[in-house]
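This is the structure I have questions about; it appears just below.
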Amino acid sequence: MSERDEQEHYDVHAVEAKWLPVWEKLDPFRADDASPREKRYALTMFTYPSGDLHMGHAEVTALHDVIARYWWQRGYEVMNPIGWDSFGLPAENAAIRNDEHPATYTYANIETQAESFRRYACSFDWSRRLHTSDPEYYRWTQWLFLRFRERGLAYRKNSPVNWCPNDQTVLANEQVVDGRCERCGAEVTRRELTQWYFKITDYAQRLLDDMAQLEGRWPERVLTLQRNWIGRSEGAHVDFELHLASGERRTVTVYTTRPDTLYGATFMVIAADADLAAEVVAPERREAFEAYREQVRKESDIDRLATGKAKTGVDLGVTATNPVNGERVPVWAADYVLADYGTGAIMAVPAHDQRDLDFAREFGLAVRTVVAVPNAEGGVDDPEQTYVATTGDGSYVNSASGDGFRLDGLSDKATAIHRIVERLEADGKGAGAVNYRLRDWLLSRQRFWGAPIPVVHCETCGEVAVPDEQLPVELPDLKGADLKPKGVSPLAAAEDWVNVACPKCGGAALRDTDTMDTFVDSSWYFLRYCSPGKDDGPFDPDQVRTWMPADIYVGGVEHAVLHLLYARFFTKVLHDMGMVDFVEPFAVQLNQGVVINQGKKMSKSLGNGVSLGDQLAAYGVDAVRLTLVFAGPPEDNIDWADLSPAGSLRFLHRAWRLAGDVTAPIGADPSPGDAMLRKVTHRTVHDAAGLVEGHRFNVMVARVMELVNATRKAIDSGCGPADPAVREAAEAVAVLLSLVAPYTAEEMWERLGHEPTVAKAGWPAVDDALLVEDSVTAVVQVQGKVRARLDVSPTISEADLESVAMGDEAVQRALAGKQVRKVVVRAPRLVNVVVG
RNA sequence: GCCCCGGUAGCCCAAUCGGCAGAGGCAACGGUCUCAAACACCGUCCAGUGUGGGUUCGAGUCCCACCCGGGGCACCA
């Protein structure tokens with residue numbers, strides 16, 4: 001190898017090995033709570049410890065790190081913590097397979113991932129590291145649960161729940177996707193169980209209202225998803241009088257969004273699995289009803305929602321009185337009405353609701369049009385004939401009460417709704433009402449590897465909270481086969497653990513054997529980071545005030561209605577408890593896309609997985625990071641097959657070579673240097689800041705590439721390597737590159753004669769005078785066609801530009817013999833002459 | 001069925017306000033270097049912006065309809 005070759009060889013792995021220990025020693029990213037500098041909190045969704053890091057981790061942390069490192073360069077005190085969401089099923093399943101404790105798998109993987117993160121050179125503050133499965137952490141998860149319970153926000157109820165037969169545990173609504181378990185894909189069934197819930201529905205309206213603060217700062221997509229999930233609807237409660245077989249009367253309230261169609265209600269439907277249905281069914285219909293209810297209970301959501309499935313139901317043999325016209329209508333039970341939405345009972349208006357119409361057709365029930373909705377030809381179709389319910393606006397018909405009250409003649413939905421609600425309220429037969437699709441958050445799980453619910457069940461005292469001073473309620477030492485799912489929590493089998501003295505009366509009592517959904521753990525970890533060692537509370541309110549709300553939260557969009565909704569809910573409750581002084585935890589959010597390969601999600605079965613470890617071995621950390629950041633806008637999915645880590649490496653090499661070519665001495669005054677290059681440098685540094693702040697990292701990288709090209713050109717065929725502008729440019733490249741490629745940047749920095757670390761070198765000062773262009777190209781168009789380009793001053797006046805343009809020879813030629821109708825001048829860039 | 005996001009060169013992507021469609025990269029091709037190759041370097045090629053209308057002096061950008069791709073919601077009364 002010649003001397004030149006040796007000098008020019010850039011060994012990425014040697015560079016990585018060289019700088020890691022140096023940074024370890026410098027510990028440059030430890031956030032100082034007491035720093036006088038302005039604080040920034042850079043948060044990234046913490047990791048689940050299954051195996052080693054993969055491409056997805058590499059992408060999200062690379063993007064996130066650009067922001068965190070940028071803030072350091074800009075002089076902020078940055079908190080960029082890291083932790084692990086370390087409770088959960090995969091560890092438990094692995095433990096059963098391998099006959100070991102879930103902690104073994106969990107903490108081994110955490111160590112592996114931590115080591116990978118270090119090598120990946122993220123600017124994490126390792127001193128704040130936390131794991132949700134540590135007793136020091138889940139102690140406070142339990143403490144928070146008890147505070148929620150004291151406020152009536154954690155309660156137990158018996159109700160039909162989503163059950164995953166594979167994982168042998170209940171699931172929250174949010175964890176059921178298309179009728180399947182979000183985690184394992186098994187078809188979810190229903191079970192009637194007593195379970196713990198968080199009363200998130202109490203916060204439905206605030207979860208909606210506070211989104212105003214997030215508008216423009218969170219991805220619109222996430223806000224829309226949350227809005228849909230909360231599902232606010234406006235309508236009315238209407239009371240129907242039920243005439244039971246016994247002669248008894250009973251008031252049943254229905255919820256409807258179309259109270260204006262009340263006169264068209266020709267029957268009523270109660271959810272088959274609602275208690276109400278069983279209570280009111282006539283004796284001669286009971287047998288048929290019980291059989292139907294059994295059938296409904298066995299049905300999974302997938303069966304129930306199967307497209308094209310005919311409506312089913314059973315006549316309950318009772319009637320109900322319509323409150324506005326006194327009409328007696330039959331009452332049915334059916335599965336298309338849901339027990340846990342609204343009141344579990346509806347008034348059916350088949351003419352104006354497709355589901356009701358389908359049901360009416362199936363069972364030969366009456367259809368009455370009360371809104372004459374014009375069709376495309378201007379006529380009015382009869383839903384009974386067309387089988388299409390009409391839901392639009394129209395004029396009201398058949399809508400009058402005996403006492404003269406009527407909707408007939410109205411043609412406006414809003415007015416009709418207003419009128420009928422007014423009438424119902426006056427009669428005490430109903431009222432305007434708001435409903436939400438959101439259900440309470442089912443938080444108990446029948447699995448082992450989670451935070452035990454800190455409640456004791458005592459025969460005499462009932463449900464008793466474990467006193468705070470006895471927290472944490474630690475998990476018993478179970479492993480292997482002990483953890484096999486049996487339909488009840490494995491904790492139930494740990495007799496020594498389950499049997500305790502009641503904290504209240506001292507008598508025999510049993511611990512609650514369920515554990516908490518791991519989304520409870522992750523609903524407050526971002527607060528814990530602010531004071532991770534605190535042992536007399538979940539977090540230090542003063543430190544939280546210092547750092548929160550997080551200035552950026554980077555993570556996957558898959559948590560739009562899970563983690564993000566739960567964390568917002570927790571924050572609002574903590575606000576109401578006086579523990580935090582804000583209601584939204586994450587000021588700005590960035591969702592990264594997914595890394596796919598060859599057009600498809602990476603998967604073992606497709607054999608298209610790309611190993612992060614292999615890529616790092618082949619191209620090094622910097623090239624992989626650069627590739628991911630440069631691939632496209634951060635929120636877009638990126639296809640690894642479209643990318644070129646080899647190209648990234650080539651670029652890094654080119655940048656690195658610049659540092660070796662610089663011969664101007666360190667500290668040289670750049671002002672006498674090459675003005676052209678200086679302008680490029682200052683323009684690039686200036687623009688890069690805006691691009692990072694706008695999360696347009698791919699464009700920022702492109703601009704750095706331009707600067708590298710310009711510097712190369714200056715060295716080879718311009719001002720030469722000794723010009724101080726070349727040093728200035730190379731130093732700027734090093735600092736800009738430090739956001740994406742920390743090893744290369746550090747190596748450049750050293751070659752340029754500086755001490756480590758470039759990560760704290762500071763953002764280069766921009767000289768505004770160098771941002772001003774001497775001249776710009778003005779385009780002169782005639783009828784939209786470019787006829788001339790003129791070099792003009794950027795501050796030229798519209799009048800001057802027009803006269804220069806009109807005086808141009810080529811323009812004159814184009815205008816020859818034509819009538820100038822109008823001249824549009826946009827100084828200094830454009831003149832358009834319109835002829836006519 | 002409803003709601004969001006996207007469609008620019010062979011590919012990934014740029015294009016503050018509506019103002020010359022191209023910043024950057026990949027691939028390809030040509031050249032320099034080399035005994036040769038790889039690497040590196042220099043250079044070249046390439047689209048009128050999914051389709052059809054509209055507004056405008058001027059549309060990738062705004063409006064309407066449609067097509068394609070991706071995502072979400074969906075028996076929620």
Side-chain angles (χ1 to χ4, degrees), chain A residues 5 8-9 177-178 219-225 227-229 231-233 235 254-259 261 269 271 301 304-307 309 311 334-338 340-349 352-356 358-359 435-439 557-558 560-561 593-594 599 626-627 630-633 635-639 641-648 650-651 653-654 657 687 690 694 696 698-709 712-713 716-717 777-789 821-826 829-836:
Chain A
D5 283 344
E8 287 303 301
H9 185 65
V177 178
D178 293 332
E220 192 50 48
R221 192 165 45 141
V222 174
L223 297 178
T224 304
L225 287 175
R227 251 180 229 116
N228 289 347
W229 190 261
R232 181 190 155 101
S233 77
V254 303
Y255 173 71
T256 176
T257 55
R258 291 295 304 275
T261 62
V269 187
D301 277 8
R304 198 172 61 82
L305 299 177
T307 47
K309 180 181 173 267
K311 288 276 183 289
D335 66 349
Y336 84 93
V337 173
L338 307 175
D340 55 354
Y341 181 78
T343 61
I346 63 155
M347 65 179 210
V349 185
H352 306 298
D353 182 288
Q354 192 61 46
R355 297 155 301 186
D356 296 344
D358 293 344
F359 192 82
N435 237 293
Y436 301 91
R437 210 190 70 105
L438 183 70
R439 309 292 205 277
V557 73
E558 67 273 15
V561 290
V594 178
L626 179 72
T627 302
F630 182 52
E635 49 280 322
D636 284 10
N637 289 349
I638 58 184
D639 192 332
D642 292 336
L643 309 177
S644 173
S648 300
R650 268 201 300 274
F651 163 71
H653 193 180
R654 277 160 57 77
R657 277 181 47 226
D687 291 356
R696 307 181 56 217
N698 55 323
V699 185
M700 185 272 290
V701 170
R703 299 301 303 279
V704 179
M705 288 174 168
E706 273 181 81
L707 177 56
V708 168
N709 292 344
R712 181 81 259 153
K713 210 160 236 167
D716 291 346
S717 55
T777 305
V779 173
V780 187
Q781 301 175 330
V782 177
Q783 282 303 81
K785 272 194 178 146
V786 179
R787 296 297 185 185
R789 290 165 211 276
R821 193 146 53 90
K822 189 172 171 187
V823 181
V824 180
V825 184
R826 292 285 177 275
R829 299 264 174 211
L830 180 122
V831 177
N832 189 14
V833 186
V834 186
V835 297

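All chains are named by letter (A, B, ...) in the order of the sequence lines, taking the proteins before the strands, and each is independently numbered beginning at 1.
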Problem - Sugar-phosphate only, base, or nothing, as touched by Ser233(A) at under 4.0 Å among non-hydrogen atoms - result: sugar-phosphate
Practice task
Taking atom C1' in both G19(B) and G52(B), compute the distance separating them and give it to the nearest angstrom.
Solution key: 25 Å
Exercise for the section: Remember a base hit wins even if backbone is also touched, and classify Phe630(A) as base, sugar-phosphate or nothing at under 4.0 Å, heavy atoms. Expected result: base
Practice task
Using both distances under 3.5 Å as the test, list the Watson-Crick or G-U wobble partner of G1(B), or none.
Solution key: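 G1(B) is paired with C73(B).
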Problem - Val594(A) side chain near Glu558(A) side chain, heavy-atom distance below 4.5 Å - result: no
Practice task
With heavy atoms under 4.0 Å as the rule, sort Val337(A) into base, sugar-phosphate or nothing.
Solution key: base
Problem - hbond_proxy Arg829(A) side chain to G19(B) base (donor-acceptor, 3.5 Å cutoff) - result: no
Practice task
Starting from P on A59(B), measure out to CD on Gln781(A) and report it in whole angstrom.
Solution key: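 After rounding, the gap between these two atoms is 10 Å.
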Exercise for the section: Give one of base, sugar-phosphate or nothing for Leu338(A), where a contact means two heavy atoms less than 4.0 Å apart. Expected result: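 Leu338(A): base contact, heavy atoms under 4.0 Å.
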Problem - Protein-nucleotide distance (Asp716(A), atom CG; U32(B), atom P), rounded to Å - result: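 For the pair Asp716(A) CG and U32(B) P, the rounded distance is 19 Å.
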Practice task
Figure out the OH/P separation between Tyr255(A) and C75(B), and round it to whole Å.
Solution key: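 Rounded to the whole Å, the gap is 16 Å.
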Handout entry: N/O donor-acceptor pair, side chain Asn832(A) with base C57(B), under 3.5 angstrom
Key =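 Yes.
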Handout entry: Electrostatic pair Arg258(A)-Asp353(A), nearest N-O below 4.0 angstrom
Key = no
Exercise for the section: Using a heavy-atom cut-off of under 4.0 Å over every strand shown, decide if Asn709(A) touches base, sugar-phosphate, or nothing. Expected result: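 Here Asn709(A) touches the backbone only, sparing every base.
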Exercise for the section: Mind checking Arg654(A) for me? I need base, sugar-phosphate or nothing, with any heavy atom below 4.0 Å counting as a touch. Expected result: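 The answer is sugar-phosphate, as Arg654(A) gets under 4.0 Å only of primed atoms, P, OP1 or OP2.
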Problem - Sugar-phosphate only, base, or nothing, as touched by Arg227(A) at under 4.0 Å among non-hydrogen atoms - result: nothing
Handout entry: Protein-nucleotide distance (His653(A), atom NE2; A40(B), atom C1'), rounded to Å
Key = 8 Å
Exercise for the section: Could you tell me the separation between the CG atom of Leu643(A) and the P atom of C26(B), rounded to a whole number of Å? Expected result: 12 Å
Handout entry: Residues in side-chain hydrogen bond (donor to acceptor under 3.5 Å, both in side chains) contact with Asp716(A), at least two apart in sequence or another chain
Key =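 Result, side-chain hydrogen bond (donor to acceptor under 3.5 Å, both in side chains) vs Asp716(A): Arg712(A).
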Fill in the blank from the handout: Using Watson-Crick geometry (N1-N3 plus N6-O4 or O6-N4) or G-U wobble (N1-O2, O6-N3), each under 3.5 Å, U61(B) is paired with none
Handout entry: Euclidean distance for C1', U32(B) against G70(B) (whole angstrom)
Key = 46 Å
Problem - Distance in Å, Tyr341(A) OH paired with Ile346(A) CD1, rounded so as to fall on 0.5 Å steps - result: 12.0 Å
